[in-house]
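Worksheet for the structure shown next.
We name chains A, B, ... by the order of the sequence lines, and we start the count at 1 in each one.
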Amino acid sequence: MSELYLYPVWLRLWHWLNALLFFALLATGISMHFSLGWLIPFDVAVPTHNVSGILLTLSWLAFLVGNVIGGNGKHYLINFRTLPMDLVRQVRYYVYGIFVDEPHPFHVSADHKLNALQTLSYVGVMYGLMPLLILSGWAFLFSAELPETLFGIGSIWVVAMAHLLLAWMMLLFIVVHLYIITTGETPTTNLKAMITGWHREGGDATGGSATGSG
Amino acid sequence: MNGMSNPLSRAGGPPAPNAGASPPTPTKSLALVHLVLLLFIGLPGAVVGAQPQQVAPHGDAGGSGLTKGDSAECMRCHWMETMAYRDSETRQIVDLSIDRDAYEHSVHHDLACSECHARGYRHYPHRTSSADEGLTCVGCHEEHQGDADVSPPDLAGFDIQYQHSVHALEAKPESGAAFSCFSCHNPHSFRPLPDDTPVPEVVAANNQLCLDCHTELDAPVPKGHEWLPRPRQHWGAVRCLDCHTPLEGRHLYAPSHQLLGAAESNQNCVECHSQGGELLSQLYVHRAGEEREQQGFLAHAVYNDAYIIGMSRSPTIDRIGLAVVGLMILGVAAHGVGRYLAHKRKRASQ
């Protein structure tokens with residue numbers, strides 16, 4: 001049995017707040033986009049989406065601050081030298097090794113809680129998708145201040161399509177994220193870690209150490 | 001930014017029919033007016049007594065036009081709510097009363113009566129010909145363009161648009177009088193809506209202008225709008241003229257007066273409710289801008305309700321997104337099942 005205190009309180013609070021905002025934005029966004037009044041009435045969905053978007057912006061800024069001051073940023077540094085092999089090993093594990101009880105190629109430690117695949121996707125999501133999604137959301141709110149056209153096309157259409165495309169990509173990320181959580185030593189190992197802060201693995205020294213879910 | 005408070009909208013009550021441009025006034029009718037006056041107040045002298053009280057100025061800087069020049073003389077009679085006659089030809093009641101309060105809040109508040117009604121009102125009863133003076137908004141505004149103290153907005157552009165409108169070409173008001181500016185805009189109460197008027201109120205005030213005459217639209221399934229889902233919700237959110245004016249050459253803050261009939265008006269849902277809609281940008285930017293002005297930065301962001309259903313709709317992106325996410329869900333589900341089977345096999349072998 002190994003125990004590792006991986007997620008400090010601030011990080012867990014941030015994670016779950018982020019999850020809540022994500023869920024709210026997704027549900028209200030879907031309801032607005034497809035005019036699903038039965039899901040969430042339109043006049044509730046719009047202000048909820050606006051407020052959640054603003055809070056998500058603050059939450060993202062808190063994430064940045066936490067990474068810089070709280071030291072969490074080191075988990076998002078990509079080691080380009082080892083990346084190709086790490087990726088190959090990680091992908092091989094997910095498509096083959098995991099079914100034949102191979103040991104996990106990556107071992108969670110205080111210095112490295114994310115495997116190569118996670119590092120890459122989280123960097124893409126948190127430093128790529130997320131700021132763009134937030135930016136396009138604010139552009140919606142303040143479209144009166146935008147130029148009439150962007151790249152020769154009506155600004156609002158460009159903003160709307162960007163927001164839509166990014167939202168779909170974020171949904172895709174959430175689906176994968178939710179599933180990957182279950183690929184720890186047991187299906188709930190990672191979930192429990194994000195709740196208690198402790199990454200607990202039972203037993204044998206050689207056994208497959210699970211992926212972090214941060 | 002003057003917002004949707006277009007120069008020709010108004011915030012006051014319904015306009016008095018033909019107020020300001022009275023149709024021919026037969027002597028017989030004037031006699032009737034006199035009779036009404038007598039019945040109402042008993043003695044003409046009482047009017048004089050009541051007068052100073054009725055036209056007390058509001059104390060605003062420019063002073064009320066109703067106290068200037070000979071206006072007090074006019075208001076001796078025209079302040080009365082019952083000041084009206086029935087037109088012998090059209091059988092319609094023609095209201096000649098001036099709502100003092102509405103006038104003093106109107107854009108014309110500092111004009112004395114005689115500045116518009118220049119000719120032939122010195123004597124009472126007024127001569128029939130004086131009612132034929134043919135006042136028009138455009139004419140009066142043009143006439144006073146050069147005046148230093150007043151600089152009325154030039155309405156010539158509106159006039160050109162109006163000449164091509166369904167109102168100028170086809171309208172036959174119930175009153176029988178010819179259609180004119182005054183059919184919609186009452187110069188004695190007209191004022192642009194203040195900039196801080198909330199969008200729904202601007203929409204309501206604009207649309208009320210249309211609905212005052214188009215009473216046939218006050219029905220569960222409004223005539224001519226059978227194709228339009230949730231007509232009342234639409235009318236609460238957008239102005240009639242957003243669909244009933246031409247798309248070309250629109251100016252957001254000076255709405256066209258070229259009102260279109262049913263055949264030419266926009267009946268295409270996707271003009272507003274889709275990504276490429278011609279009307280979409282206008283509506284969205286307009287509503288967002290309006291609200292921003294009124295509420296400030298943060299409140300605007302929170303209470304921004306300028307989103308129009310369908311504005312972010314792109315069937316292509318949606319189809320691709322749905323397909324990719326769907327396949328991913330199937331993929332991870334299959335992966336999960338595979339893991340479960342592998343787990344079972346491992347336990348069985350132990």
Side-chain angles (χ1 to χ4, degrees), chain A residues 29 31-37 42-43 45-51 53-55 57 94-96 98-101 136-138 140-146 148-149 153-165 167-169 171-180 182-183 186-187, chain B residues 1 233 252 273-278 280-293 297-314 316-333 335-336 338-343 345-346 349:
Chain A
S31 129
M32 284 155 71
H33 183 71
F34 295 105
S35 45
L36 306 178
F42 188 70
D43 47 355
V46 174
T48 309
H49 199 80
N50 294 345
V51 172
I54 294 165
L55 292 178
T57 310
Y94 283 135
V95 299
Y96 174 73
I98 199 168
F99 299 112
V100 295
D101 206 26
S136 61
W138 282 95
F140 251 145
L141 294 180
F142 290 93
S143 59
E145 275 67 33
L146 293 179
E148 211 156 285
T149 58
I153 315 166
S155 291
I156 294 186
W157 186 73
V158 174
V159 167
M161 290 308 105
H163 201 69
L164 178 65
L165 199 64
W168 272 114
M169 290 162 82
L171 178 61
L172 190 67
F173 164 76
I174 290 294
V175 170
V176 177
H177 181 69
L178 289 176
Y179 179 71
I180 292 289
T182 69
T183 61
T186 72
Chain B
M1 187 153 55
Q233 215 160 331
L252 209 51
H273 294 280
S274 82
Q275 82 272 14
E278 296 237 20
L280 174 64
S281 296
Q282 294 185 31
L283 284 176
Y284 188 83
V285 171
H286 172 77
R287 300 187 71 188
E290 273 286 297
E291 290 178 350
R292 164 89 194 280
E293 288 257 308
F297 185 82
L298 193 64
H300 163 73
V302 174
Y303 298 111
N304 186 311
D305 62 355
Y307 184 85
I308 300 160
I309 289 178
M311 70 180 297
S312 57
R313 190 84 45 94
S314 160
T316 314
I317 294 182
D318 284 344
R319 265 197 290 271
I320 295 172
L322 209 58
V324 172
V325 170
L327 285 174
M328 184 56 80
I329 290 172
L330 285 178
V332 296
H335 197 272
R339 274 169 63 207
Y340 175 69
L341 293 177
H343 178 72
R345 200 171 51 234
K346 183 186 162 195
S349 69

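Shown here are the ring pair (Phe, Tyr, Trp, His ring centres under 6.0 Å) partners of A:F173, two or more places apart in sequence or in another chain: A:Y122, A:H177.
Both the backbone and the side chain of B:L322 have a heavy atom closer than 4.5 Å to some heavy atom of chain A.
Among pairs with a residue in residues 318-333 of chain B, those fulfilling side-chain hydrogen bond (donor to acceptor under 3.5 Å, both in side chains) read A:H33-B:D318, A:W168-B:D318, at least two apart in sequence or across chains.
Atom-to-atom distance recorded for B:T316:OG1 and A:L165:CG is 11.0 Å, nearest 0.5 angstrom. Atom-to-atom distance recorded for A:H163:NE2 and B:I317:CD1 is 12.0 Å, nearest 0.5 angstrom.
The local environment of CZ in A:F34 is crowded, with over 12 non-hydrogen atoms from other residues, nucleotides or ligands closer than 6.0 Å.
Ring pair A:Y94/B:H335 is perpendicular by interplanar angle, where above 60° counts as perpendicular and below 30° as parallel.
Judged by distance alone, the side chain of A:Y179 and the main-chain N or O of B:M328 form no donor-acceptor pair under 3.5 Å.
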